[in-house]
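A short write-up of the structure that comes next.
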Amino acid sequence: MIEARHLRVLRAVAATGSFSAAGRELGCTQPAVSQQMKALEASVGTPLLVRSGREMRLTQAGEALVRHAAGILAGLTAAEEEVAAIAGLRAGRVRLVSFPSGSSTLVPTALAALRAAHPGTRVSLEEAEPPQSVDKLRAGDCDIALAFRYEGAAVADEWDDLVVRPLLRDPLIALVPERHPLARSAATAGSVAIGALAGEPWIAGCPRCRGQLVEVCEAAGFTPRIDFATDDYPAVVGLVGAGLGVAVLPQLAVESVRPRGVRMLTLEPSVRREVVALTLPDLAQVPAVAATLEQLARAAAR
């Protein structure tokens, strides 16, 4: 195997014409230059220099290697500089996948802080709900996945192969039309038992949230009548505000829209989802990824 240090010695010998002159240029002794040239010739399996008295000239193989050495060493120098920039967060790229309510609440604050601290780090954003976002992470299509799961879920080990950075516990909030009887009766308490909504038409959210809604309602002794289902949180709020039904949404989702015509009530018993940032063990050591995870955690703590 050809080593970069040997190529540097060969170029110096070719440029100066002698081992002693090359040694002076490189800051080492003449015997050290001689030893490195012998090692290089041994590694390529052919003579690179012809020695005649005090004169020294390159063989055809030596000329070819010197010709390529310039490009090889320049490429190595560029690579070393680029890696140093990434390690020092002067450069780097992070591919982030987030669910929509996380994209509109946690992500903007985190990325603004990251850009202020490390302007050379670029972050791309794509939206996907779990488990699709987690699948993208495992497939190598992103570096960080913002995901969630509901407390008490049976798949508690679904992320065992990943680095899990807990961000927050996101409670579900009940939404009823502002003229709904429960909105008026709960005006002081501000809370509602989910069983009190048993006879209502429902507007359901994303598939995972929809499944959780059915589980919570069935645990309360009823099956919800879902009249509308949409992944679009403003649409959920709009449908509730129009008096077409009731809904429960994560608090982050409610914060991501401007609720009009609805009353927000604390759900009893409390139902929360665990919001996390996920990455692969090796990626967690990459400075740009680690910095992004840190800023997501800080955004969630505000």
Side-chain angles (χ1 to χ4, degrees), residues 97-110 127-134 144-160 162-176 182-183 186 189-198 200 202-224 226 229-234 236-237 240 245-257 259 262-278 293 296-302:
V97 173
S98 172
F99 54 92
S101 59
S103 299
S104 57
T105 54
L106 299 177
V107 171
T109 301
E127 286 192 343
E129 297 276 359
Q132 182 185 1
S133 58
V134 183
I144 297 174
L146 211 61
F148 63 85
R149 62 184 172 193
Y150 286 93
E151 292 179 338
V155 286
D157 60 347
E158 62 181 333
W159 300 331
D160 281 357
L162 305 174
V163 173
V164 181
R165 184 70 178 264
L167 298 181
L168 55 85
R169 305 282 182 176
D170 189 23
L172 295 187
I173 304 296
L175 303 179
V176 300
L182 285 173
S191 62
V192 65
I194 195 165
L197 302 172
E200 301 288 341
W202 285 82
I203 296 98
C206 73
R208 196 162 195 170
C209 297
R210 199 176 311 153
Q212 179 67 16
L213 168 65
V214 172
E215 288 183 13
V216 171
C217 291
E218 289 181 344
F222 71 96
T223 299
I226 298 175
T230 173
D231 293 349
D232 185 60
Y233 293 131
V236 173
V237 173
V240 174
V246 300
V248 293
L249 288 179
Q251 184 170 308
L252 280 182
V254 177
E255 291 175 0
S256 69
V257 299
V262 305
R263 169 79 169 164
M264 293 178 287
L265 304 173
T266 302
L267 196 63
E268 295 182 354
S270 175
V271 179
R272 299 184 299 178
R273 63 178 183 174
E274 178 188 11
V275 177
V276 302
L278 304 172
L293 290 173
L296 285 168
R298 291 183 180 182
R302 293 176 182 175

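What you see is a predicted model; the values in this text were computed from it and never measured.
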Worksheet, complete the sentence: Heavy atoms of Leu197 and Leu182 approach each other most closely as CD2-CD1, 3.3 Å
Item to complete: Indicate yes or no: does Arg273 engage Glu129 in a salt bridge with an N to O separation below 4.0 Å.
Response: no
Practice prompt. Carefully, step by step, assess Phe148 and Asp170 under the rule side chain to side chain contact (heavy atoms under 4.5 Å, CB included).
Written response: CA-CA 9 Å; Phe148 63 85; Asp170 189 23; over 6 Å; no
Worksheet entry | Heavy-atom pair with the smallest gap, counting every atom of Arg208 and Tyr150 | O-CE1, 4.2 Å
Worksheet item: Can you list the residues that meet the ring-ring contact (aromatic ring centres under 6.0 Å, His included) rule with Tyr233, with sequence neighbours excluded?
Response: none
Worksheet, complete the sentence: In terms of heavy-atom contacts, Val240 and Val176 come closest through CG1-C, 3.6 Å
Worksheet item: Atom SG of Cys209 and atom CZ of Phe99: how far apart are they, to the nearest 0.5 Å?
Response: 9.0 Å
Discussion item. Do Ser133 and Leu146 make a side-chain contact, defined as non-hydrogen atoms from C-beta onward lying under 4.5 Å apart?
Written reply: no
Discussion item. Nearest 0.5 angstrom please: Thr230 OG1 to Ile203 CD1, how far?
Written reply: 10.5 Å
Discussion item. Run Leu172 and Arg272 through side chain to side chain contact (heavy atoms under 4.5 Å, CB included) and show every step you take.
Written reply: CA-CA 6 Å; Leu172 295 187; Arg272 299 184 299 178; over 6 Å; no
Discussion item. Quick one, Val248 with Val271, criterion side chain to side chain contact (heavy atoms under 4.5 Å, CB included). Give me CA distance, side-chain angles, the key distance, then yes/no.
Written reply: CA-CA 10 Å; Val248 293; Val271 179; over 6 Å; no
Output a table of donor-acceptor pairs, distance under 3.5 Å, between side-chain atoms of residues 249-257 and any protein atom two or more places apart or on a different chain; print 'none' if there are none.
from   : atom 1 : to     : atom 2 : distance (Å)
Gln251 : NE2    : Glu255 : OE2    : 3.2
Ser256 : OG     : Ala253 : O      : 2.6

Worksheet entry | Minimum heavy-atom distance between Phe222 and Gly195, given as atom pair plus value | CE2-CA, 3.9 Å
Fill in: Interatomic distance, Cys217 atom SG to Ile226 atom CD1 [nearest 0.5 angstrom]
8.0 Å
Worksheet entry | Non-hydrogen atoms of Pro166 and Val276 that approach each other most closely | CA-CG1, 4.0 Å
Worksheet entry | Counterpart residues, salt bridge (Lys or Arg N to Asp or Glu O under 4.0 Å), relative to Asp231 (two or more places apart) | Arg210
Worksheet item: What's the shortest heavy-atom distance between Ser103 and Pro108, and which atoms?
Response: O-CD, 3.0 Å
